[in-house]
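Shown next, in structure tokens, is the structure this report addresses.
Here, residue 1 is the first one in the sequence, and each next residue gets the next number. The figures that follow rest on heavy atoms only: side chains count, while hydrogens, waters and symmetry mates do not.
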Amino acid sequence: MGLGQSCGRTGSCFDNAAAESFWALLKEEIGTRTWADRATARAEVFTFIETFYNRHRLRKHKIFGYLTPAETRQRHQHTLAA
């Protein structure tokens, strides 16, 4: 099928750093509670990602200009179009 396995070094903490950072923030912000059903849980996680994570959370690094992920993407797309 033309697929290649993607896998980092054993024990490398940098392979999943972005994902681990996201999960830590998600757990911190919405907690690890139990929801009534899967649909409610999915809706709350979606709302968190779309209303806070992508639009209001600042990327705390000078290289990103302290912008939100949505602003960073918009700036990048504008640069590509130019």
Side-chain angles (χ1 to χ4, degrees):
M1 298 185 91
L3 301 175
Q5 183 176 353
S6 175
C7 169
R9 300 186 316 273
T10 301
S12 174
C13 63
F14 301 108
D15 289 341
N16 294 319
E20 294 297 333
S21 175
F22 169 76
W23 290 119
L25 181 64
L26 179 68
K27 288 177 185 177
E28 181 180 312
E29 292 293 326
I30 68 171
T32 56
R33 65 185 181 274
T34 304
W35 286 271
D37 53 39
R38 183 178 293 245
T40 303
R42 289 176 64 108
E44 287 195 31
V45 170
F46 178 81
T47 299
F48 167 77
I49 292 169
E50 284 302 314
T51 60
F52 174 72
Y53 191 81
N54 286 338
R55 301 181 192 277
H56 298 289
R57 175 189 62 96
L58 297 179
R59 298 180 82 177
K60 299 175 187 171
H61 198 281
K62 188 168 90 174
I63 198 166
F64 297 118
Y66 302 100
L67 301 172
T68 66
E71 291 167 334
T72 303
R73 182 180 177 130
Q74 184 178 31
R75 179 180 282 181
H76 178 69
Q77 287 175 338
H78 179 70
T79 302
L80 290 177

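At most 12 non-hydrogen atoms from other residues, nucleotides or ligands lie less than 6.0 angstrom from CH2 of W23. Applying the 6.0 Å contact sphere to CZ of R33 captures more than 12 heavy atoms from other residues, nucleotides or ligands.
Atom-to-atom distance recorded for Q74:CD and Q77:CD is 8.0 Å, nearest 0.5 angstrom.
Contacts of E29 classified as salt bridge (charged side-chain N to carboxylate O under 4.0 Å, His left out), with partners at least two apart in sequence or in another chain: none.
Each of F52, F48, F46 was scored for a side chain to side chain contact (heavy atoms under 4.5 Å, CB included) with E50, with one residue passing: F46.
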